[in-house]
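Worksheet: one structure, shown below.
Each chain gets a letter, A, B and so on, in the order its sequence line appears, and its residues count up from 1.
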Number of protein chains: 2
Amino acid sequence: MPPSLSDRLTESILGIIRDGGLRPGDAIPSARELAKRFAITTPTVREALRKLEATGAVEFRHGSGTYVGPTINNVVLANPHRPPITKDSVLQLISARLVIEPAVAAQSALARRAENLERLEAAVTNALVPPGGPAFALNFHVELAAASGNPLLQEVLASLLKVRVREQQQIRALYDNRGRDHKEHQAIVEAVRAQDAVQAERLTREHLDNIRRAVESSPELS
Amino acid sequence: MPPSLSDRLTESILGIIRDGGLRPGDAIPSARELAKRFAITTPTVREALRKLEATGAVEFRHGSGTYVGPTINNVVLANPHRPPITKDSVLQLISARLVIEPAVAAQSALARRAENLERLEAAVTNALVPPGGPAFALNFHVELAAASGNPLLQEVLASLLKVRVREQQQIRALYDNRGRDHKEHQAIVEAVRAQDAVQAERLTREHLDNIRRAVESSPELS
DNA sequence: ACTCACAAACTGACTAAATCACTTAGCCAC
DNA sequence: GTGGCTAAGTGATTTAGTCAGTTTGTGAGT
């Protein structure tokens, strides 16, 4: 079965973006322009663009244009259509993080670099900012992975931790303990700064274990 | 900015699928039927379906219908539009796997269960089947993650290891060492069967280190 | 009774030509 | 300058239809 016109179109549009050296935030040709260039109609172009939109490769801005999206170069993605969370799915997520994150923390301690440490410390302090503050608050656990120097690890953690804004509030209301989290985050950062991989790994495991306990003993999700 | 009609539509279609208890492979209403039900036109419905197609939530079969896709319940996804691989990106991937997989192997050794072991052993033997054989060959490293009992870890590994078929051949031609891989895989399986987490972790790390060395000393990608 | 060819009937794929809604940039008056 | 208006460009959606595959049932022939 030959790939559909829509499939070939998405590849062509990606080609335009990559061959043109366009980066996230740059504008791409309008849908009408693309339709003319490929000698097809606009609904077909829009179908291809919607596919790219679903993976964050492009973004629509009504009245303005279509732009390269933030995750166009990602290898893994958070599923934008993921099923709604349940208590079980949250526990499953924490179990997976208990496997992955301690090893990531150890790696970050070994690879720690100046600019990563700065962002990591910013994430620790930002965590105390009440909700409704800055739109794109740094997530401590994502920044901890970023400090490893491997963008793929950052992608994995960001994808695992990305939940809908609505649900994030729900989770925080039930499980969050800002004070304790902040202290534990600080301890992890200190271990990373000291390049103490063993300690970073241990503290991260304990931190996630505490979170798991909080979730286990919490009431059901609505 | 209110969510677009297309966005609301994808949510509604997902609602139809989930509320109807539909599972991967089941047929969903036709585009014309959905258009009638929501009192909109077919191009708009198609845009919404294309978004769902991009994340594997639905699949089109020309002339037959639209069906629930295999990854509708995933939390993380392999980016279907990921950039083409380079030698550097392959090394980056192996570095990330060196952080994650040893910990996963240890977890799988602790949690090993009968049915998982069976699939794991099948993956080891399947690895010797020459290409062109079964369409969906089990991937040893994905099955190793599956043996942990946590579907999220399996998703992460599957997403990291999913590369285009074309590129897979390219990689194999350059780096693969079937005989050595098979031996090392067998050793890992034995450690898992013996529930020896420390050994499983060590063997997995060494295995990936060997792969990394093979890649580092290989010629550039075309 | 069985089988095979064939013809609806249904499905997705795509076209064509508009109209509406929103954003941006330029211009002009104040 | 600064505010507001306007015009051009853009995405959003509609309407109506054609083309191309797949499935299924029917009926003729065996």
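Because its NZ or CZ atom is both nearer than 6.0 Å to the ring centre of B:Phe60 and within 45° of the ring axis, B:Arg50 counts as a cation-pi partner of that residue.
On the nucleic acid side, DNA chain D has its first and last nucleotide under 4.0 Å of a heavy atom of chain A at D:dG9 to D:dT13, going 5' to 3'.
Remark on DNA chain C: of its neighbouring residues B:Pro43 and B:Leu49, the 5'-side contact belongs to B:Leu49, judged by nearest-heavy-atom nucleotide. Each of A:Ala39 and B:Ser30 was assigned the nucleotide of DNA chain C with the nearest heavy atom; the assignment lying further toward the 5' end belongs to B:Ser30.
Contact annotation: B:Thr42 side-chain N/O to C:dG12 OP1/OP2 distance is not under 4.0 Å.
Considering B:Arg97, B:Glu184, B:Arg212 as possible partners of B:His207, the one that fulfils the side chain to side chain donor-acceptor pair (under 3.5 Å) test is B:Glu184.
Distance CZ (B:Arg50) to C1' (C:dC14): 10 Å, rounded to an integer number of Å. Rounded to a whole Å, the CZ atom of B:Phe60 is 6 Å from the P atom of C:dA13. Separating the NE2 atom of B:His62 from the P atom of C:dG12 is a distance of 9 Å, rounded to the nearest angstrom. Distance B:Leu34 CG to C:dA13 P: 13 Å, rounded to the nearest Å. If you measure from atom OH of B:Tyr67 to atom P of C:dT11, you get 10 Å, rounded to the nearest angstrom. One can place CZ of A:Arg46 at 18 Å from P of C:dA16, the figure rounded to the nearest angstrom. Atoms CD1 (B:Ile28) and C1' (C:dT11) sit 12 Å apart, rounded to a whole Å.
If you check every strand for non-hydrogen atoms under 4.0 Å, A:Ser6 touches sugar and phosphate atoms only. As judged by a 4.0 angstrom heavy-atom cut-off over every strand, B:Ser64 is placed among residues touching the sugar-phosphate backbone only.
By the neighbour-count criterion of 12 heavy atoms within 6.0 Å, atom CZ of B:Arg193 is densely surrounded, having more than that number from other residues, nucleotides or ligands.
Side-chain to base pairing of B:Arg32 with C:dG12: one donor and one acceptor N or O lie within less than 3.5 Å of each other.
A:Lys51 has no carboxylate O lying under 4.0 Å from a charged side-chain N of A:Glu47, or vice versa, which leaves the two without a salt bridge.
Here the side chains of B:Leu34 and B:Leu9 are not in contact, with every heavy-atom distance at 4.5 Å or above. Side-chain contact check for B:Val75 versus A:Asn79: every heavy-atom pair is 4.5 Å or farther apart. Looking at heavy atoms from C-beta onward, B:Leu49 lies out of side-chain contact with B:Thr10 at the 4.5 angstrom threshold.
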